[in-house]
Amino acid sequence: MAQLTPLPWQSELWQRLVALQTSDRLPHALLISGPHGLGKQQLAEALVARTLCLSPGDAACGHCHGCRMLAAGYHPDLLRISPADNRRQIRIDPIREVNQFVAQTAQQGGYRVILLQPAEAMNVAAANALLKSLEEPGSRTLFVLLSDVPSRMLATIRSRCQHWTLTVPAPAACLPWLAEALGDEREAAFWLRVAGGLPLLARELAGGEARQLRQTLQELFDALVRGAEPVAEAARLDRQAVERILWYGIAWLEDLIRLGLSGDTEQVRNPDLLPLYRQAIKNGRLRDWFRLLDYAREQQRLLVAGGNPNPQLVLEAWLVRWSALLRS
Ligand SMILES: [Zn+2]
């Protein structure tokens, strides 16, 4: 089923987009950015649907010919571009396809829409090839680019798009939605806090396998505080989950640093870990936590860029450093 309406916390942004589109002032290229877990995809899908709808109101109508084609999974005037399976890069070939697509007229007589994500995945050749189409798109063309980290995009691409940044919503704007998704209000509040206020990430983290991973990491954290051997512990972890493991490590380090600096438990995102944090703070020095945080962020950056081929080594090196601080 195609996404026809935006998520509840996006309604204000949505109204602005609809007003621009209705008055024919929507630019031909939009860049929608913000961290993973805010619903960029849902917002973009709703906009794509409304753009291709033949009689849109506040949102796509859901039953015209355009909407039916979209719901069926194929609309001739929509081109979706993402990295090919198991790859992290968008290479030049799909962008050549974009350029051809833009040169044709729309088959349904309306808009041609290109949805490209994540935009930072374009390699330099691909980004350069896209520039021409972004500059001279022809009439009735809409580019929608999505990006978690727009600073990793080529500046020349960014500057040719109107940039919309999604920010973390107020908890009140997303908790009812999350409580419904998880079937429990207290769970919703807990996971939203763990996810740093990102509602879709909260739903993801609270799901079966992801929830188990957090439990495993908590046990491992506890074991390391008590002096367990880090390389042996690393062998028990799922190397496929290395990005998520680093993500948790960074979130917990940030908690530790916040707690170490202010002593304020209200700011801690993982209140259930407070006993472990207290033990860790007793053992490690603040500047070493900062150093470990820099290290973890760099590893995360390399992983996302596809720069480190061996997740097992990343995990081992990470746990060795953690344990050195926790035991010192
Ligand atoms: Zn429609």
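Residue indices begin at 1 and follow the sequence shown. Every number for a ligand or one of its atoms is a count from 1 in the order of the listing.
- Within the 2.8 Å limit, His65 places no N, O or S atom next to the Zn ion (ligand 1).
- In this structure, SG of Cys64 and SG of Cys67 enclose an angle of 110° at the Zn ion (ligand 1), rounded to 10°.
- Looking at heavy atoms from C-beta onward, Leu326 lies in side-chain contact with Phe221 at the 4.5 angstrom threshold.
- Side-chain atoms of Glu120 come within 3.5 Å of backbone N or O of Asp148 as a donor-acceptor pair.
- Once rounded to the nearest 0.5 Å, the distance linking CZ of Arg285 with CZ of Arg291 reads 7.5 Å.
- Not a single N/O/S atom of His63, whether from backbone or side chain, sits less than 2.8 Å from the Zn ion (ligand 1).
- The distance from the CG atom of Asp255 to the OH atom of Tyr248 is 11.5 Å, given to the nearest 0.5 Å.
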